[in-house]
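These figures come from a predicted structure and were not determined experimentally. If you read the sequence from its start, that first residue is 1, and numbering goes on from there. Indexing begins at 1, ligand by ligand and atom by atom, following the structure's order.
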Amino acid sequence: MSIHSEDSRRVTTHRLLEMKQRGEKISMLTAYDFTIGNIVDLAGVDIILVGDSASNVMCGNITTLPITLDQMIFFGKSVVRGVKRALVVVDMPFGSYQGNSKEALASAIRIMKETHCDCLKLEGGEEILESVKRILSAGIPIMGHLGLQPQSINKYGSYTVRAKEDSEAEKLMRDAHLLEEAGCFAIVLEKIPAKLAQQVASELTIPVIGIGAGGDVDGQVLVLHDMLGLTQDFSPRFLRRYTNLQSIMNEAIEHYVKDVKSGDFPSEKEQY
Ligand code: KIV
C-alpha cells in the first residue's frame with residue numbers, strides 16, 4: 001500500500017457516499033490492464049474505471065463506438081486481477097444497453113460474471129432509465145454519466161462543452177435527479193460549465209465525479225494515458241499532464257536500440 005493512501009480497506013459504494021458526506025474528495029483514473037491497474041491501485045486511487053476510452057487509447061479507434069462487449073470484458077478482467085483496494089467500474093460499451101432493458105441486463109450480467117468488477121457505468125439519462133432500473137434491480141451498482149457522452153458523438157458532431165444552453169442544462173439536472181432516484185451510486189459529469197456541475201453536486205446526495213466540470217464537485221477523473229503524457233494529440237483545457245511518459249519511454253527505447261546495435265547490450269553480466 002502506498003504512503004499516499006491512509007486507508008487500506010476496500011473502497012465500496014457505501015464508503016464513497018461517506019466520503020462525500022465528510023467532504024473528502026474522490027480520486028478516479030482509468031486503467032485497462034493488470035500491470036497498470038495494479039500500479040494505479042497501489043498509488044491509492046479510490047475508483048479505477050475500465051473506460052470505453054480503451055477504444056481510443058488501447059485499440060487506436062477514433063471514437064469509443066467500435067469497442068465490443070467481449071473486448072471490454074477482456075480489459076475488465078485484466079484490471080480486476082491487479083486491484084486490491086480501489087472500486088473497479090467497467091463501462092458498458094456502445095450497443096450493449098441502448099436496445100432494450102432485457103438486452104442491457106444480459107450485457108450487464110455478462111460483464112459482472114466474467115470480469116468480477118464491482119459495478120458498471122452507462123452514458124445517458126431519461127432515455128436509458130428503464131435499462132438502468134432493470135440492471136439495478138438485479139443488484140448491480142451503476143454509475144451514471146451525463147454531459148459530454150462520447151458514445152453519442154455522431155448525434156452531436158463534436159466534443160465541445162455541453163449544457164451551456166439553459167434547455168440542455170435543465171435536462172441534465174433532471175437526468176441527474178432521475179438517476180439518483182433510480183438508485184445510481186454516483187454520476188460522472190463530463191465537460192460542462194463548472195457552475196452547473198457545482199449545482200448538480202450540491203443538489204444530489206450521491207457523489208458527483210467531474211472531468212472538465214470544475215473543482216466544486218465530489219471528485220475528479222482523468223484518462224490515465226492523457227494525464228501521464230502517453231497521448232500527445234489530445235489537449236483539452238481540463239487536462240493536467242503530470243508527466244511526459246511518451247518522451248521518457250522514447251528515450252529509454254532509443255537507448256536500448258543504440259545498445260543493441262553497438263553490441264553494448266547484453267554485457268558479460270547480462271548473460272549465462
Ligand atoms: O471511458 C472513459 O475513460 C470515461 C471517462 C472519460 C470518464 O468515460
Side-chain angles (χ1 to χ4, degrees), residues 16 25-33 36-37 40 45-69 71-76 78-79 86-98 107 111 115 117-125 128 132 141-153 156 158-163 172 175-176 179 184-192 197 200-201 206-214 217-228 230-231 234-241:
L16 293 171
K25 297 275 188 186
I26 297 164
S27 59
M28 172 165 159
L29 278 175
T30 60
Y32 315 102
D33 66 71
I36 302 291
V40 173
V45 164
D46 300 309
I47 305 176
I48 296 182
L49 171 66
V50 185
D52 60 355
S53 48
S55 177
N56 309 90
V57 300
M58 299 299 286
C59 308
N61 295 311
I62 292 166
T63 72
T64 57
L65 275 71
I67 201 160
T68 65
L69 189 56
Q71 288 169 327
M72 286 306 297
I73 288 172
F74 173 83
F75 290 127
S78 312
V79 170
L87 186 90
V88 180
V89 186
V90 175
D91 259 341
M92 293 194 67
F94 176 68
S96 70
Y97 61 98
Q98 292 92 344
S107 308
I111 301 176
T115 69
C117 70
D118 299 301
C119 43
L120 305 175
K121 177 162 80 59
L122 282 72
E123 292 180 12
I128 57 150
V132 167
I142 293 183
M143 175 180 268
H145 183 147
L146 299 171
L148 176 63
Q149 293 162 39
Q151 291 181 11
S152 303
I153 179 62
Y156 294 101
S158 84
Y159 291 102
T160 53
V161 180
R162 290 289 138 78
L172 187 144
D175 282 343
L179 292 174
C184 288
F185 75 88
I187 292 179
V188 165
L189 292 181
E190 182 165 356
K191 222 172 176 188
I192 63 165
V200 176
I206 57 173
V208 172
I209 316 283
I211 172 163
V217 287
D218 306 305
Q220 298 293 327
V221 54
L222 285 175
V223 171
L224 189 79
H225 287 57
D226 298 334
M227 60 85 77
L228 292 180
L230 275 167
T231 50
F234 179 69
S235 293
R237 191 202 296 193
F238 68 76
L239 175 62
R240 185 179 292 182
R241 272 191 226 290

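With sequence neighbours left out, the salt bridge (Lys or Arg N to Asp or Glu O under 4.0 Å) criterion links Asp52 to no other residue. The side-chain hydrogen bond (donor to acceptor under 3.5 Å, both in side chains) test applied to Ser96 returns no partner, not counting sequence neighbours. Take Tyr32 and apply the ring pair (Phe, Tyr, Trp, His ring centres under 6.0 Å) test, not counting sequence neighbours, and it matches His225.
Taking each heavy atom of Gly125 and Asp175 in turn, the nearest pair found is CA-CG, 3.6 Å.
Other residues, nucleotides and ligands place no more than 12 heavy atoms under 6.0 Å from the CZ atom of Phe74.
How far CG of Leu148 is from CD of Glu123: 8.0 Å, rounded to the nearest 0.5 Å.
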Give me the pairs of N or O atoms, one from ligand 1 and one from the protein, that sit under 3.5 Å apart.
unit_1	atom_1	unit_2	atom_2	d
ligand 1	1 (O)	Asp52	N	3.2
ligand 1	1 (O)	Asp52	OD1	3.0
ligand 1	1 (O)	Ser53	N	3.1
ligand 1	1 (O)	Ser53	OG	3.3
ligand 1	1 (O)	Asp91	OD2	3.1
ligand 1	3 (O)	Ser53	OG	2.5
ligand 1	8 (O)	Lys121	NZ	2.8

